[in-house]
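In the text below, chain A, chain B and the rest are named by the order of the sequence lines, each starting its count at 1.
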Amino acid sequence: MRLSQYFMPILRDDPKEAEIVSHRLMLRSGMVRQEAAGNYSWLPLGFRVLKKIEQIVREEQDRAGAIEVLMPTIQPADLWKKSGRYEAYGKEMLRIQDRHGRDMLYGPTNEEMITDIFRQGVQSYKDMPRNLYHIQWKFRDEVRPRFGVMRGREFLMKDAYSFDVSREAGQHSYNKMFVAYLRTFARMGLKAVPMRAETGPIGGTDSHEFLILADTGESQVFFDSDFLTMDLKDIDYDDVAKVAATVDYFTSAYAATDDKHDPKEFEERVPEARRVAGRGIEVGHIFFFGTKYSEPLGCEVQGADGKKVFVQSGSYGIGVSRLAGAIIEASHDQAGIIWPEPVAPFSVGLINLKAGDSETDAACAKIYAGLEAKGIEVLYDDRPGTPGTKFAVMDLIGLPTQVIIGPRGLKDGIAEVKDRKTGARQNVALDALSAHFSA
RNA sequence: CGGGGUGUAGCGCAGUCUGGUAGCGCACCUGCCUUGGGCGCAGGGGGUCGUCAGUUCGAAUCUGGCCACCCCGACCA
């Protein structure tokens, strides 16, 4: 993409409403625009990031055997009245009426709807287990939205729902999602720590939340430093014992948010040198809730013995739009964002230091075309301007690699390649540049 | 929902106390110049001063209502 043809309204000054760093940087880099409290438009740069995050989430859900669907944002209230949550959910649920006066709502979550979909489509244990998910906008009318996209009222969430014939089978479904979450966050360059959690309004028996570590996170977390070195091996999701062992492994070490933290247990279980107190941001939450929704909604299947049983379910959420902010919280510096490669809006920022000069223009055009031809996503700053401004903007938007072309380097036939994260620069011969990026 | 705060140009702000018809920096437009870390010079465009009402000869400024947004606390992907 040529910057001269792009839409990227960057700001030099911090908008005053943005206190938290990710919010500031998202506004300054022109990723989002606020429309109302907790309600954002995603501009081109931000939208690219959102799509990348979404795609990683999707791929890992698919790999774990979940099947993608898409449910509407607007739901009829009937099912919620059956489950009892129409009253229970409170003011957080945005209630609306259609022209006929029929009660509708903007979905804050989808347990009722998906359970009804499953009930209607499956009658036999032979069609189980199943896990259906979608990635859709949700609305929760938070008392106090804040922190930019990290606590919006409208937000993009991946929510998956598992259906099993027994509690034991359901446990495996839960475990698969647990592992899929670890993989998902790791792929985004994040350290995610799973912690035992309250089940809250979703209800249920077993629940974990996943927090990624960031100094500016809103929750205080206490954990065993072993988490930082735990590695996830490739896993066969059909291997029930192995998946369970992985979950056991990742839940064996101490980890708790401040409200669940037990200082005494912390000291007993974790040697002093491994005790870490840090901050984190919740980006995922999984629940097992058994028959909580299948019973009121009449979701039964016929078992091998011919008897009907209520299906066992869990639900599994990842805050996709929240992740965009959370990743910035976890990865930035004074100059701006530092995108982990897998979620970066572009991989390479190409800087033409003397746009308008036929030599640098020609060199940049060639490099741009060459990298694009290799499938590398390049944002090419082809606009006239001073070097300082260009560098500052490129640092702000945080693309992993910068390729800098100027008259000085061209004279020697070299480009400067800068790593955004480390700041390390190296000179690369122009004719070796293409090869440099295939490595 | 309780407490605090802010609304003046795209962004950041001054002006409000003491009423006289709106200004600065950045950004933007034109021209010249410059180009290796937020250049320089000259010229220019852009604002129902959140909104409604009141006081006044006259309101960004004083009074009252309303709205929006932000921050701190109790709740959440």
Length of the CD-C1' vector between A:E142 and B:C75, whole Å: 7 Å
Electrostatic pair A:R383-A:D381, nearest N-O below 4.0 angstrom: yes
A:E416 and A:N427: side chain donor to acceptor below 3.5 Å: no
Audit row: A:D234, A:R183, salt bridge (charged side-chain N to carboxylate O under 4.0 Å, His left out) steps and yes/no: CA-CA 9 Å; A:D234 250 343; A:R183 288 187 60 103; 3.2 Å; yes
Residue pairs involving residues 128-139 of chain A (criterion salt bridge (charged side-chain N to carboxylate O under 4.0 Å, His left out); sequence neighbours excluded): A:K138-A:D159
B:G10 versus B:A27 - spacing of their C1' atoms, nearest Å: 7 Å
Salt-bridge present (A:R153, A:E142; N to O < 4.0 Å): no
Nearest-angstrom distance from the residue atom CD1 of A:I135 to P of B:A77: 18 Å
Nearest non-hydrogen partners of A:L105 and A:P76, listed with the distance: CD2-O, 4.4 Å
RNA chain B contacts among residues 417-432 of chain A, heavy-atom distance under 4.0 Å: A:K418, A:R425
A:K82 vs A:E112, salt bridge (charged side-chain N to carboxylate O under 4.0 Å, His left out): CA-CA, chis, key distance, verdict: CA-CA 9 Å; A:K82 269 192 210 166; A:E112 283 81 357; over 6 Å; no
Contact letters for nucleotides 1-16 of chain B, in which S counts primed atoms plus P, OP1 and OP2 and B counts the base, heavy atoms under 4.0 Å: B----S----BSS---
Sugar-phosphate only, base, or nothing, as touched by A:V320 at under 4.0 Å among non-hydrogen atoms: nothing
Residues forming a side chain to side chain contact (heavy atoms under 4.5 Å, CB included) with A:P384, sequence neighbours excluded: none
More than 12 heavy atoms from other groups under 6.0 Å of CZ on A:F47: no
C1'-based separation of B:G5 from B:G47 [nearest Å]: 24 Å
Distance under 6.0 Å and angle within 45° of ring axis: A:R167 vs A:F288: yes
Donor-acceptor pair, side chain of A:Q136 and main chain of A:M71, under 3.5 angstrom: yes
Sugar-phosphate, base or nothing in reach of A:G388, heavy atoms under 4.0 Å: sugar-phosphate
Stretch residues 43-64 of chain A: residues that reach within less than 4.0 Å of RNA chain B through a heavy atom: none
A:S315 side chain to A:Y161 backbone, donor-acceptor under 3.5 Å: no
Partner nucleotide of B:G73 by Watson-Crick or wobble geometry (both distances under 3.5 Å): B:C1
Sugar-phosphate only, base, or nothing, as touched by A:A36 at under 4.0 Å among non-hydrogen atoms: sugar-phosphate
Inter-residue atom distance A:L211.CG - A:L190.CG, 0.5 Å rounding: 11.5 Å
Residue pairs fulfilling ring-ring contact (aromatic ring centres under 6.0 Å, His included) with at least one residue in residues 377-419 of chain A, sequence neighbours excluded: A:Y368-A:Y380
Partner residues of A:D13 under the side-chain hydrogen bond (donor to acceptor under 3.5 Å, both in side chains) criterion, sequence neighbours left out: none
Salt bridge (Lys or Arg N to Asp or Glu O under 4.0 Å) against A:D14, all qualifying residues, sequence neighbours excluded: A:R24, A:R28
Heavy-atom closest contact (A:A66 atom, A:M177 atom, distance): CB-CE, 4.2 Å
All pairs passing salt bridge (charged side-chain N to carboxylate O under 4.0 Å, His left out) where residues 323-351 of chain A contributes a residue, at least two apart: A:D333-A:R420
Interface with RNA chain B, restricted to residues 146-158 of chain A and to heavy atoms under 4.0 Å: A:R146, A:M150, A:R151, A:G152, A:F155, A:M157
Within residues 377-386 of chain A: residues closer than 4.0 Å to RNA chain B (heavy atoms): A:G385, A:T386
RNA chain B-proximal residues of residues 323-343 of chain A, any heavy atom under 4.0 Å: none
Basic-acidic side-chain contact under 4.0 Å: A:K81, A:D78: no
Sugar-phosphate only, base, or nothing, as touched by A:E416 at under 4.0 Å among non-hydrogen atoms: base
